[in-house]
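Chain identifiers are assigned alphabetically (A, B, ...) following the order of the sequence lines, protein sequences preceding nucleic acid strands; residue numbering begins at 1 within each chain. Just so it is clear, the structure is predicted and the values come from calculations on it, not from any experiment.
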Number of protein chains: 2
Amino acid sequence: MEKRRKVANPLGLAVLAELLTGPMHPYEMGRRLQEHGKDRNIKYNRGSLYMVVEQLRKAGFVTEQETVRDTQRPERTVYAVTAEGRHEVYDWMRELVGKPRHEYPHFGVGLSLLSVLSPAESVELLGRRLAALTEETDDIRATVRTTVEGGVPWVFLVEEEYRLALLDAERHFVTELIEYLKQPDYVQAWQDIFGEKT
Amino acid sequence: MEKRRKVANPLGLAVLAELLTGPMHPYEMGRRLQEHGKDRNIKYNRGSLYMVVEQLRKAGFVTEQETVRDTQRPERTVYAVTAEGRHEVYDWMRELVGKPRHEYPHFGVGLSLLSVLSPAESVELLGRRLAALTEETDDIRATVRTTVEGGVPWVFLVEEEYRLALLDAERHFVTELIEYLKQPDYVQAWQDIFGEKT
DNA sequence: TCTATCATGTAACCAGTTACATGATTTT
DNA sequence: AAAATCATGTAACTGGTTACATGATAGA
């Protein structure tokens with residue numbers, strides 16, 4: 001029986017990881033996440049951030065360290081990671097890296113209901129998807145290139161390489177699927193089964 | 001500006017799609033989803049099902065058709081898809097198939113924080129992941145084979161082929177990543193940057 | 001100085017999950 | 001016939017998102 005994590009939101013992990021480099025207040029965590037583009041892999045929005053920090057506090061992974069008031073700006077509370085928090089980061093990371101989790105990609109939903117669309121329409125739509133995928137791939141490659149040229153070590157971009165690997169695989173898959181759906185055999189079969197209403 | 005869907009949960013789409021084949025009560029929708037293994041691609045649980053059906057009703061995509069009481073079993077309400085519901089299915093499917101959406105895979109989170117783990121530990125963990133990925137791949141292939149032998153046409157399994165394509169790509173990526181992390185260059189660089197605290 | 005935009009946080013709302021409830025059927 | 005399991009639904013809880021609020025700076 002796997003004990004669930006006290007805090008399940010990946011944003012919580014990101015926060016803990018940031019805090020490993022020193023105490024800070026929530027807004028700054030958010031700023032850094034965005035600056036480093038971590039929000040491409042971890043869903044981020046301010047509301048969730050404050051919520052998650054509060055969850056971490058209740059769970060004992062962080063403590064309120066001090067409340068700074070610059071006499072301007074609303075009061076900002078600074079948080080620091082605790083020993084348990086530190087432990088949680090490593091434990092969580094080990095799980096994330098070491099064990100694959102079942103995913104529910106959006107496209108999977110579309111595919112599992114593909115038969116409601118006519119072969120002709122499916123082919124048309126998949127063609128558009130292919131174009132969009134290619135465009136996205138190019139964008140990512142461009143970003144990676146300029147970032148690396150800017151001096152960022154490659155390890156900090158593995159996530160993007162992963163994304164590229166998945167995108168390439170999907171493009172390949174879609175290309176083949178299109179060919180399959182074009183076969184007269186399939187078109188006929190679809191007609192026979194679903195062909196009544198227009 | 002994209003107008004958001006009144007009902008956003010993919011389970012809602014699955015329900016509408018089932019209802020295209022005729023009116024039925026929620027429990028049966030659930031049963032079918034599971035029978036056809038759609039719950040591998042669409043997150044399903046009973047609570048969400050009733051919630052989503054209610055959302056669909058409020059949105060005007062389904063109507064309460066009748067309330068059957070067999071004098072046994074709790075009262076079951078039968079729902080039917082409306083014209084708007086029918087329209088929504090197609091519109092939604094077109095979006096799902098035609099336009100890629102940004103995904104947040106779990107592994108991406110792990111990768112984007114990879115640097116908190118030592119190269120040695122990363123390599124070890126990635127090795128385990130690789131094994132697990134291979135196992136899962138084999139499982140899926142086996143299931144697909146027996147299902148097809150059972151007479152189910154191939155189109156009803158595209159989702160699983162997609163899953164396989166992604167898994168293969170991930171395995172390949174992980175294999176290469178392991179090699180990269182083993183390079184003395186990388187190990188040294190990591191030591192230099194993060195190496196202080198054991 | 002009026003207006004727009006940034007920095008920062010809170011609170012209300014909505015969606016999703018877990019736990020509970022209850023009658024029917026099957027197994028021991 | 002007692003216990004276990006299935007069929008079916010509801011309700012309470014928790015998490016996440018959106019919308020709102022407010023002071024500060026900067027641009028017109």
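- Across the protein-nucleic acid pair, B:Arg4 atom CZ and D:dT18 atom P stand 7 Å apart, rounded to whole Å.
- If A:Ala8 and B:Pro26 are placed on DNA chain D by their nearest nucleotide, the residue sitting closer to the 5' end is B:Pro26.
- For the pair B:Glu160 and B:Arg40, the salt-bridge criterion is met [side-chain N within less than 4.0 Å of a carboxylate O].
- Near DNA chain D, meaning a heavy atom under 4.0 Å away, the residues from residues 27-53 of chain A are A:Lys43, A:Asn45, A:Gly47, A:Ser48, A:Met51.
- Under the 30°/60° scheme for interplanar angles, the aromatic rings of B:Phe173 and A:Tyr162 are found to be tilted.
- Separation of the A:Trp154 and B:Tyr180 ring centroids falls under the 6.0 Å cut-off.
- Under a cut-off of 6.0 angstrom, the local environment of CD in B:Glu54 is crowded, with over 12 non-hydrogen atoms contributed by other residues, nucleotides or ligands.
- In this structure, B:Glu170 contributes its side chain and A:Leu166 its backbone to no donor-acceptor pair below 3.5 Å.
- Proximity of A:Asn9 to the phosphate of D:dG16: a side-chain N or O atom is located under 4.0 Å from OP1 or OP2.
- One can place CD of A:Glu54 at 14 Å from P of D:dT14, the figure rounded to the nearest angstrom.
- Test A:Gln34, A:Glu35, A:Glu28, A:His36 against A:Arg32 for side chain to side chain donor-acceptor pair (under 3.5 Å) and you get one pass: A:Glu28.
- Listed pair A:Gln55 / D:dT14 fails the phosphate criterion, with no side-chain N or O lying under 4.0 Å from OP1 or OP2.
- The CZ atom of A:Arg57 sits 14 Å away from the P atom of D:dG15 (whole-angstrom rounding).
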